[in-house]
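Below is one structure, written out as structure tokens, with a few remarks after it.
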Amino acid sequence: MGGLDLFSGGAAASADGAWSVAQVTAHARKLVEAAFVRLWVRGEVTGFKAYRSGHWYFSLRDRQAQVRCVMWRTDNQAARTQLEDGMEVFVEARPTVWEERGEFRLTVKQLIPTDTGGLWQLQLEKAKAALQRDGLLDPARKRPLPQYPARIAVVTSPDGAALRDIASVVARRWPAVEILVVPVRVQGETAEAELCAGLKLADQVAADLVIVGRGGGSREDLWAFNSERVARAVAAVSVPTISAVGHETDVSLTDLVADVRAATPSAAAEAAVPDRDAVRDRLNALARTLAGGLLGRVELATQRLDRTGDRLQATIAARIDHSRGRLDALHATLHALSPLRVLERGFAVARDADGRVLKHVAQFPGGTEFRLTVSDGDVRARVTDGAA
Amino acid sequence: MTDRPSFREELEQLEAVVRQLESDDLDLDRALDLFEEGVRRLKVARTLLTESEQKVKKVIAEAGGTYREEDLDV
């Protein structure tokens, strides 16, 4: 940044060419705010005062210098620390100029004591900010876990409680799973590198899901899970991830980056696989629907068949009725035309032995035998005399 | 990587079969075929579900970016 060249800007407004105090402080503020981004400052707290408004005022100092600080109520409420004079802290702050007093000041957004792991905390905050900048903490990145994983990769220590817990929960809930253990050391100097390599390997074994974690431990023990490198390795896994670092209160960086955070390895296993009993119920319901579906289909077909049968029968019955009527009519006609009707009126038909009808006198020489048909039957007859 | 049928696939197919079976315009022959398929998948899914043997393997990285799997007792 260039020096604070306050008087060469030509911005003086009054007739005598002098700046007003307000002008110079406003200008100074602009320059200071433009010159610094947010930064972390380390120093000893002095002159701490918490006002009734809730805002905190104090100074930070080291051997050479000091600077005034303000931490607004909305920001200090989130700080878990009670400040005291003499305490050494890291503050994340934005330098500015308080115009009313012409005072150079830090507006503190975040504050961490340097003792009780403050250095680590500081690193963590920095790493978190870096991940945030790269969008890795974006809730929209979170992927849903697969419902029925067949292969689960577990990046953890091969002989820790975490693996045993995961294996036993999976065995109870959903045994139809292959657990692929990617053995790594989860604490100590090599943990960070081994976790990164393990996550990369886990991504190559065609797993449906990757669990990374370990059982509980001290803050130091769990530190590898707060490494920015490890967090980025978790983010780089191409399948959904569960971070399970055994601690109830703190959240580690891998928890923030993984798709799902589980408080313990057992909880991770519960989240990873469905419950067999619940799934069995669902299968049974499906089986019922399946059978019901077919039955319904058969029922429908039967009904249709029945309807068709009914129609067929009705059609045939109608046809038979119709035919019967016609038959009756024909019968009546036939009856009316029948020569038998004539016989009923008293006529008779004479026929020779061959059935030929005898119509003429010439056909009746004396002694001829013939049949005479009357209304109710035949009689045999003979001509006793010749033609009359 | 895995050679056995995946439960997820079986279940998804089974659900698809049931959906089709419930649709209106379906002739009986097709319904019977679907039913048979459904029963087959149901059986596979049930078998997978009752399979009690859990497999735990250790993944070991090898030179050249490959890896091998080894059975592991937990």
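We name chains A, B, ... by the order of the sequence lines, and we start the count at 1 in each one. None of the values given here were measured: they were computed from a predicted structure.
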Verdict with reasoning, A/Glu178 to B/Lys57, per salt bridge (charged side-chain N to carboxylate O under 4.0 Å, His left out): CA-CA 7 Å; A/Glu178 273 182 295; B/Lys57 290 177 174 168; 3.0 Å; yes
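- The contact between A/Leu201 and chain B is made entirely by side chain atoms (from C-beta outward), counting heavy-atom distances below 4.5 Å.
- In this structure, chain B has heavy atoms under 4.5 Å from both the backbone and the side chain of A/Val298.
- Remark: the backbone N or O of A/Ser266 is not paired with any side-chain donor or acceptor of A/Asp165 at under 3.5 angstrom.
- Side-chain atoms of A/Thr241 come within 3.5 Å of backbone N or O of A/Asp259 as a donor-acceptor pair.
- The residue among B/Val17, B/Leu11, B/Val39 with the most heavy atom pairs within less than 4.5 Å of chain A is B/Leu11.
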Audit row: A/Arg185, A/Glu192, salt bridge (charged side-chain N to carboxylate O under 4.0 Å, His left out) steps and yes/no: CA-CA 8 Å; A/Arg185 264 186 287 264; A/Glu192 188 181 45; over 6 Å; no
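- Neither the backbone nor the side chain of A/Asp208 comes within less than 4.5 Å of any heavy atom in chain B.
- For the pair B/Gln20/B/Arg30, a side-chain contact is recorded, criterion being any heavy-atom separation below 4.5 Å from C-beta on.
- Interface remark: of the candidates A/Val279, A/Leu283, A/Ile179, A/Ile179 forms the most heavy-atom pairs closer than 4.5 Å to chain B.
- Of the atoms belonging to A/Ala301, it is side-chain heavy atoms, and not backbone ones, that fall under 4.5 Å from chain B.
- Each of A/Pro158, A/Gly198, A/Ala167, A/Pro146 has some count of heavy-atom pairs under 4.5 Å with chain B, and the biggest count is that of A/Ala167.
- When the candidates B/Val56, B/Ile60, B/Thr66 are compared by the number of heavy-atom contacts under 4.5 Å with chain A, B/Val56 comes out ahead.
- Aromatic ring orientation, B/Phe7 versus A/Trp174: perpendicular (interplanar angle above 60°, classes split at 30° and 60°).
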